[in-house]
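Just below is one structure, and these are the notes that go with it.
Hydrogens, waters and symmetry mates play no part in the numbers below; they use all other heavy atoms, side chains included. Numbering starts at 1 and runs along the sequence shown.
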Amino acid sequence: MISESVIDCKVKPDNPKIVVLGVDSKEVSLNWKNCEGDAGETIRSFAFFRQRPGSAVTEQIASRDASGSFNMIGPFKDKKKYEALLDQELKIFDVKKTEEYLYTLEVDYKSSGGAVLETSFRVTVDVKG
């Protein structure tokens, strides 16, 4: 369930994130820093997803609980394409023109009333060149 939340991140990546092939495509950082909620809200977990524009299929890249480090999921475990770091940073390596995705940071949290909710932040990576 997506809800209106007071969970926010003080720093967010540009949207769209423009990547120029051969200029800044070796390593791209998407970073949502200092994510927090209002008094009484407790962040439970974070997860990164990717989705091709126009597709309904999403792929989970990594997840972590509020106190741990990120665990890479399935085909991304080798960290050759992605690395997820604390402070909600997703690094993308060796970006190609065919790799334009909508990336999502999903935050699961407990409201002051005890309900478990989620909110998400999205950014599109637009590859030029």
Side-chain angles (χ1 to χ4, degrees):
M1 160 187 250
I2 303 291
S3 86
E4 292 298 318
S5 169
V6 291
I7 299 286
D8 200 13
C9 301
K10 292 184 177 22
V11 177
K12 298 173 191 162
D14 293 337
N15 191 16
K17 174 74 172 181
I18 306 296
V19 176
V20 180
L21 288 176
V23 175
D24 59 358
S25 57
K26 278 290 186 203
E27 183 178 300
V28 175
S29 174
L30 303 178
N31 200 336
W32 290 264
K33 290 183 181 181
N34 304 320
C35 299
E36 55 189 43
D38 279 351
E41 289 187 324
T42 305
I43 294 178
R44 297 165 28 101
S45 65
F46 297 95
F48 286 114
F49 296 87
R50 74 178 190 181
Q51 179 179 6
R52 289 224 183 259
S55 172
V57 177
T58 60
E59 296 176 274
Q60 187 172 7
I61 298 168
S63 66
R64 77 174 182 93
D65 65 24
S67 62
S69 60
F70 275 99
N71 294 313
M72 303 305 290
I73 305 295
F76 310 114
K77 284 185 178 184
D78 63 8
K79 297 184 182 179
K80 289 182 180 177
K81 189 66 189 168
Y82 298 101
E83 185 174 10
L85 305 167
L86 293 179
D87 215 359
Q88 294 59 254
E89 180 179 14
L90 181 66
K91 287 189 177 184
I92 310 167
F93 303 109
D94 196 24
V95 176
K96 307 277 190 255
K97 179 68 177 162
T98 58
E99 297 175 320
E100 294 183 317
Y101 287 99
L102 172 66
Y103 289 91
T104 302
L105 169 66
E106 185 177 284
V107 181
D108 290 337
Y109 67 99
K110 188 180 281 189
S111 72
S112 56
V116 175
L117 305 168
E118 72 181 39
T119 192
S120 58
F121 304 95
R122 293 178 175 87
V123 63
T124 299
V125 170
D126 187 4
V127 182
K128 305 287 187 190

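Linking Ile, Leu, Val, Met, Phe, Trp and Tyr whenever their side-chain heavy atoms come within less than 4.5 Å puts Y101 and L21 in one cluster. Residues L102 and I73 do not share a hydrophobic cluster, clusters being chains of Ile/Leu/Val/Met/Phe/Trp/Tyr side chains in contact below 4.5 Å.
We find the CD-CG distance between Q60 and N71 to be 10.0 Å, quoted to the nearest 0.5 Å. The line from OG of S45 to CD of E106 is 7.5 Å long, rounded to the nearest 0.5 Å.
Every residue two or more places apart in sequence or in another chain was checked for a side-chain contact (heavy atoms from CB on, under 4.5 Å) with A56, and none qualifies. Here K97 pairs with E100 under the salt bridge (charged side-chain N to carboxylate O under 4.0 Å, His left out) rule; sequence neighbours left out. Contacts of K26 classified as side-chain contact (heavy atoms from CB on, under 4.5 Å), with partners at least two apart in sequence or in another chain: D94. Legend: residues meeting side-chain contact (heavy atoms from CB on, under 4.5 Å) with S69, ordered by chain and number and at least two apart, are absent. Listed by chain and number, the residues in a side-chain contact (heavy atoms from CB on, under 4.5 Å) with D14 amount to none (sequence neighbours excluded). With sequence neighbours excluded, no residue satisfies salt bridge (charged side-chain N to carboxylate O under 4.0 Å, His left out) with K17. With sequence neighbours excluded, no residue satisfies ring pair (Phe, Tyr, Trp, His ring centres under 6.0 Å) with F49.
Legend: salt bridge (Lys or Arg N to Asp or Glu O under 4.0 Å) pairs involving residues 58-67, not counting sequence neighbours, sorted by first then second residue: R50-E59. Contacts classified as disulfide bond (SG atoms under 2.5 Å apart) and involving residues 97-129 (residues at least two apart or in different chains) are not found. Annotation: disulfide bond (SG atoms under 2.5 Å apart) contacts involving residues 18-120, sequence neighbours excluded, comprise C9-C35. Counting only residues at least two apart or in different chains, disulfide bond (SG atoms under 2.5 Å apart) contacts with residues 82-117 are absent. Sequence neighbours left out, the pairs with a member in residues 66-91 that pass salt bridge (Lys or Arg N to Asp or Glu O under 4.0 Å) are E27-K91, K81-E99.
No side-chain heavy atom of I7 sits under 4.5 Å from any side-chain heavy atom of L117. For the pair L90/F70, no side-chain contact is recorded, criterion being any heavy-atom separation below 4.5 Å from C-beta on. By the 4.5 Å heavy-atom criterion applied to side chains, L30 and W32 are counted as neighbours.
Judged by distance alone, with hydrogens and angles left aside, the side-chain atoms of S111 form a donor-acceptor pair with the main-chain N or O of G113 at under 3.5 Å. Within the 3.5 Å criterion, the main-chain N or O of T124 finds a donor-acceptor partner in the side chain of N15.
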**Request:** Just do the salt bridge (Lys or Arg N to Asp or Glu O under 4.0 Å) check on K128 and D126 with the steps written out, would you?
**Result:** CA-CA 7 Å; K128 305 287 187 190; D126 187 4; 3.1 Å; yes

**Request:** Evaluate the side-chain contact (heavy atoms from CB on, under 4.5 Å) criterion for residues T58 and T104: first the C-alpha distance (whole Å), next the side-chain angles of each, then the deciding distance (0.1 Å), finally the verdict.
**Result:** CA-CA 9 Å; T58 60; T104 302; over 6 Å; no

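The two atoms that bring V28 and S25 nearest to each other are CG2-CA, 4.4 Å, heavy atoms only. In plain terms, the two heavy atoms of A66 and I43 that are nearest each other are CB-O, 3.1 Å.
Looking only at atom types and distance, the side chain of Y103 has no donor-acceptor partner in the side chain of R122 under 3.5 Å away.
Between F48 and Y82, a ring centre-to-centre spacing not shorter than 6.0 Å is recorded.
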